[in-house]
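Working notes, structure below.
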Amino acid sequence: MQTIAVIDYGMGNLRSVTKALEHVIDKNQKVILTSSQQQVAAADKVVFPGQGAARDCMRAIDEHELRETIVEAARNKPFLGICMGLQVLVETSEENNGTECLGLFPGAVRYFGDDMTDADGNRLKVPHMGWNQVAQTRPHPLWQDIENHSRFYFVHSYYLETESPQLEVGHCEYGKGFTCAIARDNVFALQCHPEKSADAGLQLLTNFVQWDGYDSDTRD
Amino acid sequence: MGLAKRIIPCLDVDNGRVVKGVKFVEIRDAGDPVDNARRYNEEGADELTFLDITASSDNRDTMVHVVEDVASEVFIPLTVGGGIREIGDVRRMLNAGADKVAINTAAVFNPEFVKQAADRFGSQCIVVAVDAKKVSQPGETERWEIFTHGGRKPTGIDALEWVMRMDEYGAGEILLTSMDRDGTKQGFDLGLTRHVADSVKIPVIASGGVGTLEHMAEGVIDGKADAVLAASIFHFGEYRIAEVKEYMQSRGIEVRD
């Protein structure tokens, strides 16, 4: 039996994530929602979700004493970060006047700003909420059977900026272009919510539960 | 290409069943919430809103089960409204699988509740539902006020000031219903919608009055709404979601295929 652990550190609606994973696993897999270091460490795959503010997320991770566990999981097993689970993987976030994050990847999280407009001069609302297109900027096993430029559901006010272009696997446009999915080795993380993105999202989760953790670009 | 405008069917739930009614008259059973949700999902709905119209609080547990059942099978955003009065109600609905809760009356009576809920669970899951009615006379500068109890009780609160305050308090979205237009099929109150959309930095869902495909497009083009919500035109099978999207696309509005 293969175990997929969804890390529960008290942030956000985790039921959606677990329900969607339960919908796509095969009979040899099970999904557990856990805040236990041991269970995360013993799991075969790890999903790191998150909602809310960066500072609260980081604080909750530390209150649950999960920092080491998360960093360790991101080093050696198939790991999927979702929404805030993407943002806290990088170095810093502008949110809450600056928050130190886990620093696993180079990059910073920035606020969209209240002055964005579309091509016709209409004000763009923040949060960026709704279905937007994701451009697959390079092949990855988790994009398998998902049409390029498929729409995914987003809801966020901060976006990732990274100086490391090879990290990017997905790109999105909202007032400005931004990296909406990153991948390196066994880690894949995205800003949008696959658990709420209908068929495209379920396909991505299916690809994750079947993933061996190798990135197609780095496989020998 | 960018963010798509959202089409949101609204389902009224009474005692665990979806009901159809016109202005709460001649309410008929319209089946199982999961079946309805699945059908709208297949037709391309971008989100679903469930409104608990159950009068008694005894049936709140039933609503939790409805949300659990729907969330286990339909993987698009789900908003639940009706009877959300305290932090415990928000938590219960989110734990059941709702992505957002819509707070209406409780926000009017206790605006701090919106702030507390947004602080606790994040703005992304707090929708403030606003029922507004025009109070200005013809010829005067247009003015709208907030009403409660299904549009029967005036509060004296100016609608535009209210939505700005809710934005500031951490609401993630405004679900705006024109009480003048609700159920009339004469189209959205576009003046109200546009004024609200221009007043806040958060997305606005237009509701109340949709009778035709043109109305849906107008809500976005003239009302500047980020999403349009409708009940009866979908429930009574007048239009399918795909038809709405096709029409909106023909008017140059970006939608999700």
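Throughout, a chain's letter reflects where its sequence line sits, starting with A, and its residues are numbered from 1.
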Region of B:Ala227 in contact with chain A, defined by heavy-atom distances below 4.5 Å: neither
Chain A contacts, top residue of B:Asn41, B:Val74, B:Asp99 (heavy-atom pairs, under 4.5 Å): B:Asp99
Interface residue of largest heavy-atom contact number with chain B, from A:Arg123, A:His193, A:Glu195, under 4.5 Å: A:Arg123
Basic-acidic side-chain contact under 4.0 Å: A:Asp114, B:Lys201: no
Shortest non-hydrogen contact between B:Leu3 and A:Arg151, atoms and distance: C-NH1, 4.2 Å
Interface moiety of B:Asp198 toward chain A, non-hydrogen atoms closer than 4.5 Å: backbone
Non-hydrogen atoms of A:Lys19 and B:Ser72 that approach each other most closely: CD-OG, 3.4 Å
A:Ala53 versus chain B, the contacting section by heavy-atom distance below 4.5 Å: neither
B:Ala71, part contacting chain A, at a heavy-atom distance under 4.5 Å: backbone
Structural part of B:Ala96 lying under 4.5 Å from a heavy atom of chain A: backbone
Heavy-atom contact with chain A under 4.5 Å, split by part of B:Asp46: both
Selection from B:Asp257, B:Val204, B:Val200 maximising heavy-atom pairs under 4.5 Å formed with chain A: B:Val200
Heavy-atom pair of closest approach, residues A:Val155 and B:Gln124: CG2-CB, 3.4 Å
B:Arg256, part contacting chain A, at a heavy-atom distance under 4.5 Å: both
Heavy-atom closest contact (A:Pro127 atom, B:Pro203 atom, distance): O-CG, 3.9 Å
Non-hydrogen atoms of A:Lys196 and B:Ile76 that approach each other most closely: NZ-O, 3.1 Å
B:Glu173 vs A:Lys125 side-chain heavy atoms within contact, under 4.5 Å: no
Shortest non-hydrogen contact between A:Tyr153 and B:Lys100, atoms and distance: OH-NZ, 3.0 Å
Contact winner vs chain A - B:Glu47, B:Lys5, B:Arg120, heavy-atom pairs under 4.5 Å: B:Glu47
